[in-house]
Amino acid sequence: MKINKKYKGIIFSCLAAILISVPIAFFMVIINVGFTKDFLKAFINSSLVGIAISIPLANIAIPLAEKIVAKIVDD
């Protein structure tokens with residue numbers, strides 16, 4: 001199954017947000033909670049919050065960053 005290429009930017013932003021926020025959540029839970037019996041619950045909760053925050057931000061920030069870079073970098 002292929003998805004229409006007009007959705008490429010949105011899919012890229014969402015995937016990037018997930019691939020960045022989940023590992024960050026993992027290490028932040030290790031730092032703050034450690035490997036305790038509550039680790040998995042804390043990790044899942046932290047990942048879900050991180051994803052919920054990072055997906056909208058990525059859909060705004062990535063296109064904005066691309067526009068800024070296009071203006072300051074020579075072709």
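- Distance CD1/I18 to OG/S54: 7.5 Å, rounded to 0.5 Å.
- Both F35 and F43 are assigned to one and the same hydrophobic cluster, defined by single-linkage of ILVMFWY side chains at heavy-atom distances under 4.5 Å.
- I30 and V33 fall within a single hydrophobic cluster, where Ile, Leu, Val, Met, Phe, Trp and Tyr side chains are chained together by heavy-atom contacts under 4.5 Å.
- In terms of hydrophobic clustering, with Ile, Leu, Val, Met, Phe, Trp and Tyr side chains grouped at heavy-atom distances under 4.5 Å, I51 and F27 are assigned to a common cluster.
- No chain of hydrophobic side-chain contacts below 4.5 Å, direct or via other Ile, Leu, Val, Met, Phe, Trp or Tyr residues, connects I11 to I20.
- Between the CD1 atom in I55 and the CG atom in L15 there is a gap of 9.5 Å [rounded to 0.5 Å].
- Expressed to the nearest 0.5 Å, how far CD of E66 lies from CD1 of I62 amounts to 7.0 Å.
- With hydrophobic clusters built from ILVMFWY side chains whose heavy atoms lie under 4.5 angstrom apart, V22 shares a cluster with V29.
- Taken to the nearest 0.5 Å, the CG atom of D38 stands 10.0 Å off from the CG atom of L40.
- Taking the side chain as every heavy atom from C-beta outward, N59 and P63 never approach each other to under 4.5 Å.
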Derivation and outcome, side-chain contact (heavy atoms from CB on, under 4.5 Å), residues F39 and F26 | CA-CA 9 Å; F39 174 81; F26 179 78; 3.4 Å; yes
